[in-house]
Student: 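One structure coming up, written as C-alpha cells, with questions to follow.
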Amino acid sequence: MSKRDRNTVGIFSRFLDLLYPAVCEICQVPLKHGYSLCQDCRNEIPRIISPFCKKCGEPFDGNINAEFRCQNCDGLKADFSFARASLRGLSLSFRLVHGLKYQRQFFLARELALFLKETLEKDPRFAEFKSAILVPVPLFWRRQQWRQGNQAYELSRELSRLSGHENIEAIKRIRPTNTQTKLNRKQRLSNLRDAFQIRKKHASTIAARKVIIIDDVFTTGATAHECARILKEDGRVNDVAVLTLIRG
Ligand SMILES: [Zn+2]
Ligand SMILES: [Zn+2]
C-alpha cells in the first residue's frame, strides 16, 4: 500500500468514526480499532463447540465423543454435506443479527464475519472447501429494497475479504415467500418450492466447484437445503456446505 493509500484509508476510517460512534455495541466502552465489539464482549459471546450434530450443527450439552447426528437429522434428506454455525442462538447473538438485518447496521457485518472466519479455520471439514465459492442466500428484490440490503450478502462479502474465498451471488430469489418464522420444516419446504434460481451469468463459474452457502441464521435447514438442491441440480456444483452465524 502506498503512503497516499494509507492516508486515504486513515481519513476514511476517521470519517467512519464520525458516522458511527466508536463504542462497543454491547457494553458501550469506547473503541479505537474500527470494529464494533470490545475484546471482552467478543470473547464472551458463546460459540458453538463440540459436541454438535455433524449434519446440522445443533449444539448439545454433555459428553459425546463419537460423531453423531441429532434426532432431527436422522433420516432427513438434505442436499448439503454439512451445516455449521458459529454462535449459539442466544439473546446476545440474536441482538447483533437483528441490528444487521432489520436496523440497517450493515457496519456490524465486518465484526460478525470474524466469527464466521473463526469457524472456517477451526472446523477441519472446511479444509476441503479452501477454494470454494461463497454464495449468500438471496432475498427477493422487494424485501431487499425494503431492508436496503441483504444481511447474508453483507456477511458473505466481509468473510470473502477476510478469508480470500470468492463471493458470488449465484442464486436469485424469483418469487416472494411468506415469512418462515411460524412454519415447521415441511411447511417451509413447500413455501420455498421454486423460489430460487441459478443466475445464468454465473452458471459456468460455479459448475464443478464447491460452494459454501452463507446465511445469518440456520433454523430448520429448509432454505439451505433448497439452495443446495438447485446449486447441485441446475448449477452442477460439486459439493455444498453451509456456514451461518447462528444456529437458531
Ligand atoms: Zn464490550
Ligand atoms: Zn442435526
Side-chain angles (χ1 to χ4, degrees), residues 16-17 20-100 103 105 107-115 118-119 122-126 129 137 180 183-189 192 212-229 239-248:
L16 285 179
D17 281 347
Y20 306 115
V23 296
C24 172
E25 283 294 310
I26 292 170
C27 73
Q28 312 295 313
V29 76
L31 299 177
K32 287 206 176 86
H33 50 43
Y35 284 89
S36 314
L37 295 177
C38 71
Q39 202 55 49
D40 288 347
C41 288
R42 208 183 151 71
N43 292 343
E44 271 172 33
I45 292 185
R47 283 31 172 207
I48 292 177
I49 51 166
S50 217
F52 52 81
C53 171
K54 292 298 175 245
K55 187 70 183 181
C56 74
E58 169 89 340
F60 280 86
D61 296 317
N63 273 329
I64 306 172
N65 290 324
E67 289 214 343
F68 75 101
R69 280 184 174 212
C70 72
Q71 280 183 334
N72 279 335
C73 290
D74 238 357
L76 199 74
K77 183 177 158 28
D79 279 0
F80 50 83
S81 294
F82 65 92
R84 182 76 161 84
S86 305
L87 307 177
R88 281 176 169 258
L90 303 173
S91 58
L92 205 54
S93 45
F94 272 117
R95 197 172 105 197
L96 293 169
V97 163
H98 196 272
L100 174 68
Q103 294 168 336
Q105 296 172 328
F107 60 92
L108 284 176
R110 193 166 171 231
E111 176 79 46
L112 296 173
L114 290 169
F115 293 111
E118 193 178 286
T119 308
K122 284 191 175 166
D123 191 321
R125 295 172 298 175
F126 283 114
F129 285 80
V137 170
Q180 308 237 82
L183 306 181
N184 65 29
R185 188 171 194 275
K186 205 174 163 196
Q187 291 165 325
R188 286 179 188 220
L189 281 173
L192 291 170
I212 304 174
I213 294 174
I214 304 290
D215 207 356
D216 52 344
V217 182
F218 182 106
T219 311
T220 67
T223 305
H225 164 71
E226 193 53 26
C227 289
R229 189 181 69 74
D239 197 2
V240 179
V242 182
L243 176 60
T244 63
L245 197 60
I246 295 178
R247 178 67 175 86

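Counting starts at 1 for both ligands and their atoms, following the listed order.
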Student: May I ask you to decide whether Arg42 forms a salt bridge with Glu111, counting only side-chain N to carboxylate O separations under 4.0 Å?
Tutor: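 Salt bridge flag = yes for Glu111 with Arg42.
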Student: Out of Leu108, Leu96, Val23, which residue meets the side-chain contact (heavy atoms from CB on, under 4.5 Å) rule with Ser36?
Tutor: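 The single option meeting the side-chain contact (heavy atoms from CB on, under 4.5 Å) with Ser36 is Leu108.
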Student: Would a distance-only check, ignoring hydrogens and angles, find a side-chain to backbone donor-acceptor pair under 3.5 Å from Arg188 to Leu183?
Tutor: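 Checked: pair present.
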Student: With 2.8 Å as the limit, jot down which protein N, O or S atoms are around the Zn ion (ligand 2).
Tutor: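 Listed by chain and number: Cys53 SG, Cys56 SG, Cys70 SG, Cys73 SG.
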Student: Can you name the residues that form a side chain to side chain donor-acceptor pair (under 3.5 Å) with Asp239, not counting sequence neighbours?
Tutor: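 With neighbours one apart ignored, the set is Ser81.
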Student: Before we go on, tell me: are the rings of Phe82 and Phe126 under 6.0 Å apart, centre to centre?
Tutor: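 Aromatic pair counts; centres sit under 6.0 Å.
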Student: Distance below 2.8 Å from the Zn ion (ligand 1): how many protein N/O/S atoms qualify?
Tutor: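 Near the Zn ion (ligand 1), the number of protein N, O or S atoms below 2.8 Å is 4.
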Student: Please confirm whether the backbone N or O of Arg88 pairs with a side-chain atom of Arg247, one donor and one acceptor, at under 3.5 Å?
Tutor: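 No.
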Student: Using a 6.0 Å distance limit plus a 45 degree cone around the ring axis, check whether Lys55 lies over the aromatic ring of Phe68.
Tutor: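 That pair does not qualify as a cation-pi contact.
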Student: One thing to verify: whether Asp123 and Arg84 come together as a salt bridge, which I'm taking to mean a side-chain N less than 4.0 angstrom from a carboxylate O.
Tutor: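 Salt bridge flag = yes for Asp123 with Arg84.
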Student: Considering residues at least two apart in sequence or located in another chain, which fulfil the side chain to side chain donor-acceptor pair (under 3.5 Å) criterion with Asn63?
Tutor: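 Expected list: none.
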